[in-house]
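See below for the structure under consideration.
The structure displayed is predicted, hence computed values, not measured ones.
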Amino acid sequence: MIEKINKLLKQVEEFRPKAVAEVEEFRVKILGRKGELNDILEEFKTVAPELKREFGQKINQLKTAAMNKINALREELENSGNADSEVQIDMSRPGSADEIGSRHPISLVKNEIIDIFGRLGYVVADGPEIEDDWHVFSALNFALEHPARDMQDTFFSEKNPDILLRTHTSSIQVRTMESQKPPIRVVCPGRVFRNEAISARAHCIFHQVEGLYIDENVSFADLKQSILYFAKEMFGEKARIRMRPSYFPFTEPSAEVDVSCNLCGGKGCNVCKHTGWLEIMGCGMVDPNVLEASGIDSKKYSGFAFGMGVERIAMLKYGVKDLRLYFENDVRFLQQFDSVI
């Protein structure tokens with residue numbers, strides 16, 4: 001290894017480029033991710049402990065010498081006013097055919113959801129993916145015997161049953177209520193985990209965007225109008241919504257929200273199972289017990305919350321029928337979004 005390092009040191013010392021492009025090529029060759037220094041570092045892992053100090057000093061000497069030489073040469077060529085750097089460019093050469101990438105469809109939809117609610121004054125809140133029972137369940141009015149606490153739904157730590165992977169981004173809402181005083185208006189995007197079998201319509205990992213609005217005199221009418229605004233912005237001005245009674249431990253009253261099928265215009269098709277409607281989210285008025293658990297006076301303040309699966313919205317928006325496509329990184333699938341910025 002010492003011979004290899006000395007050889008590279010000699011190359012660095014004798015390197016005499018004529019153009020800036022040559023300096024960059026040399027940098028990649030020596031210091032790049034797949035460069036010769038990286039190979040030496042991999043080999044360094046196998047060196048005997050008593051030799052690591054000597055070899056480490058040599059490696060640092062090589063890295064410092066290479067970086068200093070490259071920076072000095074680049075600055076010298078750029079400031080020399082010499083035309084040599086431009087002589088190397090063939091202006092008649094065909095342009096690069098490099099493909100331009102794009103954002104993942106999940107990122108596109110998540111950002112669009114955040115942008116829509118941002119226009120209503122919501123700000124983004126974040127929280128940890130590895131959570132405790134209080135923020136995921138107890139503070140949200142989940143009873144101790146609630147089935148969501150069962151191992152079939154939740155990934156718990158084997159060493160500490162109080163630690164788990166969050167099953168929803170509602171835990172971010174709890175942390176926000178604990179750390180901020182009303183009025184609160186936040187959206188909580190993030191990745192969540194549930195112990196489910198992977199199929200075309202279910203996955204153990206998916207993404208959610210949840211929202212929370214708490215202030216004085218907040219009503220269900222405010223919730224409905226906010227959801228209607230979102231649906232029209234996301235699916236088009238002709239979109240309609242309907243709300244069906246439901247149950248969630250942390251909201252009362254609660255509702256499931258359906259949007260008119262944007263593929264058939266509400267007339268009925270295979271995608272909406274000929275009902276003309278597609279379920280997009282759950283919502284409701286924040287239960288007073290949840291407000292009190294986070295130190296908010298439920299007699300003075302009220303609020304609403306909503307939550308949607310990003311994959312679900314992306315399926316409706318782009319006509320994707322298999323959730324697994326979002327996680328397989330199949331280039332043929334991702335290239336369909338190349339034109340989307």
- Min side-chain heavy-atom separation I205-F327 under 4.5 Å: yes
- Task: Show your working on side chain to side chain donor-acceptor pair (under 3.5 Å) between E196 and H203 and close with a plain yes or no.
- Result: CA-CA 6 Å; E196 297 182 1; H203 207 287; over 6 Å; no
- Rounded distance [0.5 Å steps], OG in S157 versus CG in L165: 9.0 Å
- Task: Check for a donor-acceptor pair, side chain of E292 on one end and backbone N or O of S298 on the other, with a separation under 3.5 Å.
- Result: yes
- Has R119 got more than 12 heavy atoms of other residues, nucleotides or ligands less than 6.0 Å from its CZ? yes
- Message: Between R242 and W277, is there a side-chain heavy-atom distance shorter than 4.5 Å?
- Response: yes
- Query: When you look at D287 and T251, which way does the side chain to side chain donor-acceptor pair (under 3.5 Å) test go after all the steps?
  - Reply: CA-CA 5 Å; D287 192 294; T251 54; over 6 Å; no
- Check for a donor-acceptor pair, side chain of N195 on one end and backbone N or O of F155 on the other, with a separation under 3.5 Å. no
- Query: Could you go step by step and tell me if R185 and D215 meet the side chain to side chain contact (heavy atoms under 4.5 Å, CB included) rule?
  - Reply: CA-CA 9 Å; R185 199 191 300 249; D215 204 347; 5.7 Å; no
- Near K224 NZ, under 6.0 Å, is it more than 12 heavy atoms from other residues, nucleotides or ligands? no
- Message: If you count every heavy atom of other residues, nucleotides or ligands that lies below 6.0 Å from E129 atom CD, does the total exceed 12?
- Response: yes
- Query: Between D115 and G118, is there a donor-acceptor pair closer than 3.5 Å when you use the side chain of the first and the backbone of the second?
  - Reply: no
- Message: Restricting to non-hydrogen atoms, name the atom on K232 and the atom on A239 that form the minimum distance, rounded to 0.1 Å.
- Response: NZ-O, 3.2 Å
- Message: Could you check whether any side-chain N or O of R166 sits under 3.5 Å from a backbone N or O of I130, counting only pairs where one atom can act as donor and the other as acceptor?
- Response: no
- Nearest 0.5 Å please: distance from the CD1 atom of I241 over to the CD1 atom of I280. 7.0 Å
- Which atom pair, heavy atoms only, marks the closest approach of A66 to L31? CB-CD2, 4.2 Å
- Measure the CZ-OH distance between F333 and Y318 for me, rounded to the nearest 0.5 Å. 9.5 Å
- Task: Spell out, yes or no, whether V109 and V259 are grouped together once hydrophobic residues are joined by side-chain heavy atoms under 4.5 Å, including indirect joins.
- Result: yes
- Here the gap from L316 atom CG to M308 atom CE, rounded to the nearest 0.5 Å, amounts to 11.5 Å
- May I ask you to test the F220-P253 pair for a side-chain heavy-atom distance under 4.5 Å? yes
- Could you tell me whether the side chain of E311 and the main chain of H207 form a donor-acceptor pair under 3.5 Å? yes
- Which distance, rounded to the nearest 0.5 Å, do you find between the CG of L9 and the CD of E14? 11.0 Å
- Message: Using the ring centroid of each side chain, check whether Y213 and F304 are separated by less than 6.0 Å.
- Response: yes
- Message: If I take atom CG from residue D222 and atom CG from residue L120, how far apart are they, to the nearest 0.5 angstrom?
- Response: 11.0 Å
- Query: Less than 4.0 Å between a side-chain N and a carboxylate O, is that true for E131 and R175?
  - Reply: yes
- Query: Can you check side chain to side chain contact (heavy atoms under 4.5 Å, CB included) on V192 and T167, steps first, answer last?
  - Reply: CA-CA 5 Å; V192 298; T167 58; 5.9 Å; no
- Checking N111 side chain against L108 main chain: does a donor-acceptor pair fall under 3.5 Å? no
- Just by distance, do the side chain of S246 and the backbone of S254 share a donor-acceptor pair under 3.5 Å? no
- Go through the structure and list residues passing side-chain hydrogen bond (donor to acceptor under 3.5 Å, both in side chains) with N68, not counting sequence neighbours. none
- Message: Less than 4.0 angstrom from a charged side-chain N to a carboxylate O is my criterion; do K69 and E13 meet it?
- Response: no
- Message: Take a 6.0 Å sphere around NZ of K63 and say whether it holds more than 12 heavy atoms from other residues, nucleotides or ligands.
- Response: no
- L228 and Q225, any side-chain heavy atoms less than 4.5 Å apart: yes
- Message: Tell me whether the rings of F26 and F15 are parallel (<30°), tilted (30 to 60°) or perpendicular (>60°).
- Response: parallel
- Please step through side chain to side chain contact (heavy atoms under 4.5 Å, CB included) for the pair S170 and Q208, ending with a clear verdict. CA-CA 9 Å; S170 301; Q208 284 186 336; 5.7 Å; no
- Message: Taking R194 first and then D153, would you say they form a salt bridge - that is, a charged N and a carboxylate O separated by under 4.0 Å?
- Response: no
- V136 versus F142: any side-chain heavy-atom pair under 4.5 Å? no
- Message: Using 30° and 60° as the class boundaries, would you call the ring planes of F250 and F248 parallel, tilted or perpendicular?
- Response: parallel
- Donor-acceptor contact below 3.5 Å, side chain S107 vs main chain R103: no
- Please tell me if the side chains of L8 and I30 come closer than 4.5 Å, counting only heavy atoms from C-beta onward. yes
- If you group Ile, Leu, Val, Met, Phe, Trp and Tyr by side-chain heavy-atom gaps below 4.5 Å, do V257 and M285 land in one group? yes
- Item | Path from L278 to V209 over hydrophobic side-chain contacts below 4.5 Å | yes
- Please lay out, stage by stage, how E178 and H135 fare under the test side chain to side chain contact (heavy atoms under 4.5 Å, CB included). CA-CA 10 Å; E178 289 176 339; H135 291 94; 2.9 Å; yes
- Presence of salt bridge, R244 and E279, under 4.0 angstrom: yes
- Mind checking whether L325 and I198 sit in one hydrophobic cluster, side chains of I, L, V, M, F, W, Y counted as touching below 4.5 Å? no
- Message: Classify the ring geometry of F137 against F156: parallel below 30°, tilted from 30° to 60°, perpendicular beyond 60°.
- Response: tilted
- Task: Please answer: with hydrophobic residues joined when any side-chain heavy atoms are less than 4.5 Å apart, are I296 and V123 in the same cluster?
- Result: yes
- Item | Residues clustering with V28 (ILVMFWY side chains joined when closer than 4.5 Å, directly or via others) | none
- Query: Looking only at atom types and distance, does a side-chain atom of H104 sit under 3.5 Å from a main-chain N or O of Y326, one as donor and one as acceptor?
  - Reply: yes
- Message: If you define the side chain from C-beta out and look only at heavy atoms, does anything of I313 sit under 4.5 Å from M234?
- Response: yes
- For R240, does its backbone N or O pair with a side-chain atom of S260 as donor and acceptor, under 3.5 Å? yes
- Query: Are the side chains of I172 and E210 in touch, meaning some heavy atoms are under 4.5 Å apart?
  - Reply: no
- Message: Restricting to non-hydrogen atoms, name the atom on A139 and the atom on V174 that form the minimum distance, rounded to 0.1 Å.
- Response: CB-CG1, 3.7 Å
- Query: Of the non-hydrogen atoms in P189 and I114, which two are nearest, and what is the gap between them?
  - Reply: CG-CD1, 3.8 Å
- Task: May I ask you to say whether K299 pairs ionically with D297, meaning some side-chain N is under 4.0 Å from a carboxylate O?
- Result: no
